[in-house]
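As the structure is a computational prediction, the values presented were derived from the model and not from experiment.
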Amino acid sequence: MSGLAAAALAAGELLCEFGDGYRTSLLAGIAGEPPRTELLLLYDFLQAGAAQVLASNKPGRRPVFVREGKEGIHFIQPDGASVRVTSLTACSRTKVRGGEEICSRFAARHAWHFDTAALVDPDASFRRQPSGAAAGRCEPWRAD
């Protein structure tokens with residue numbers, strides 16, 4: 001297991017936020033405002049192979065497959081003929097807790113697309129993500 005996957009699973013729960021990958025506000029850009037959050041995801045019951053997700057745009061928990069690849073760790077939620085995939089690609093911030101350095105923020109991308117091969121080869125699916133995939137970040141729910 002990679003260090004990235006071990007850090008994500010050790011968190012137990014991850015809170016992720018994403019802006020809209022397709023839309024950007026011209027006025028917000030001119031005013032220097034940060035992009036607004038469009039989607040919040042809470043991944044809980046994290047373990048090797050499975051997790052559950054609560055999404056701000058859908059009621060109820062949904063099962064998620066957890067797959068590790070060379071591109072990162074992927075949380076794959078089948079949704080009919082499509083998949084919703086959140087990929088953690090790097091640890092972007094660390095902190096020291098109990099004398100040990102831990103990851104406190106992960107760089108992430110989220111896409112909803114029709115590449116159901118994500119369960120078989122998540123890295124290839126990640127490389128085929130739509131150009132408008134939402135960039136964001138995930139942080140452990142319990143930071144301390």
Side-chain angles (χ1 to χ4, degrees), residues 1-25 28-29 32-144:
M1 181 178 298
S2 72
L4 182 67
L9 295 177
E13 299 170 323
L14 293 172
L15 180 61
C16 304
E17 66 177 0
F18 297 95
D20 189 326
Y22 291 101
R23 294 182 302 176
T24 57
S25 169
E33 295 175 3
R36 69 178 191 206
T37 299
E38 295 286 332
L39 177 65
L40 291 173
L41 299 169
L42 174 64
Y43 289 97
D44 57 1
F45 305 109
L46 288 174
Q47 54 188 318
Q52 297 213 351
V53 66
L54 282 168
S56 61
N57 62 353
K58 279 189 161 188
R61 276 190 171 84
R62 305 228 185 299
V64 174
F65 296 98
V66 179
R67 299 290 189 262
E68 183 182 3
K70 292 180 182 171
E71 303 280 344
I73 184 166
H74 311 279
F75 301 101
I76 304 164
Q77 176 195 346
D79 191 357
S82 63
V83 290
R84 296 173 187 265
V85 181
T86 299
S87 299
L88 306 184
T89 57
C91 178
S92 58
R93 187 175 68 193
T94 61
K95 72 180 212 173
V96 176
R97 181 172 59 188
E100 181 182 346
E101 188 173 49
I102 62 164
C103 186
S104 59
R105 179 175 287 171
F106 299 90
R109 291 183 53 87
H110 180 79
W112 181 21
H113 54 96
F114 293 93
D115 190 355
T116 55
L119 289 168
V120 178
D121 189 352
D123 282 337
S125 178
F126 176 76
R127 290 188 293 275
R128 290 190 297 265
Q129 270 186 356
S131 61
R137 61 186 170 269
C138 297
E139 297 181 3
W141 179 254
R142 290 174 178 74
D144 292 315

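The line from CG of Leu14 to CD of Glu139 is 9.5 Å long, rounded to the nearest 0.5 Å. Distance check, rounded to the nearest 0.5 Å: NE2 of His110 to CD of Glu17 gives 13.5 Å. In this structure, the separation between CZ on Phe106 and CZ on Arg93 is 11.0 Å, given to the nearest 0.5 Å. Here CG of Leu4 is found 8.0 Å from CD of Glu68. Values are rounded to the nearest 0.5 Å. Between Ile73 atom CD1 and Ser87 atom OG the span is 9.5 Å, to the nearest 0.5 Å. Taking CZ from Arg137 and CG from Leu15, the interatomic distance works out to 9.5 Å, rounded to the nearest 0.5 Å.
With a 4.5 Å cut-off on side-chain heavy atoms, Val83 and His74 do not count as touching. By the 4.5 Å heavy-atom criterion applied to side chains, His113 and Ser125 are counted as neighbours. Contact of the Phe75 side chain with the Val53 side chain is not registered, since no non-hydrogen atoms from C-beta on lie closer than 4.5 Å. Residues Pro78 and Phe65 form a side-chain contact, since some pair of their non-hydrogen atoms from C-beta on lies under 4.5 Å apart. No side-chain heavy atom of Val66 sits less than 4.5 Å from a side-chain heavy atom of Gln47. Looking at heavy atoms from C-beta onward, Val64 lies in side-chain contact with Tyr43 at the 4.5 angstrom threshold.
Of all heavy-atom pairs between Ala134 and Phe18, the closest is O-CD2, 3.6 Å. Here the closest heavy-atom approach between residue Ala81 and residue Thr116 is recorded as O-CG2, 3.3 Å. Residues Trp112 and Ser82 come closest through the heavy atom pair NE1-OG, 2.8 Å. Listed here is the closest heavy atom pair of Pro140 and Ser104: CD-O, 3.5 Å. Closest approach of Ala108 to Thr89, counting heavy atoms only: N-OG1, 4.4 Å. Smallest separation of non-hydrogen atoms from Ile76 and Pro122: CD1-CB, 4.2 Å.
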Is there a side-chain contact (heavy atoms from CB on, under 4.5 Å) between Phe126 and Val85 once you walk through the steps? CA-CA 8 Å; Phe126 176 76; Val85 181; over 6 Å; no
Glu71 vs Arg109, test: side-chain contact (heavy atoms from CB on, under 4.5 Å). Steps then yes/no. CA-CA 11 Å; Glu71 303 280 344; Arg109 291 183 53 87; over 6 Å; no
Would Gln77 and Leu41 count as a side-chain contact (heavy atoms from CB on, under 4.5 Å) if you check the C-alpha gap in whole Å, the side-chain angles of each, and the deciding distance to 0.1 Å? CA-CA 12 Å; Gln77 176 195 346; Leu41 299 169; 5.9 Å; no
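Glu101 places no side-chain N or O within donor-acceptor distance of the main-chain N or O of Thr94, the cut-off being under 3.5 Å.
The salt bridge (Lys or Arg N to Asp or Glu O under 4.0 Å) check on Asp123 picks up nothing, with sequence neighbours excluded.
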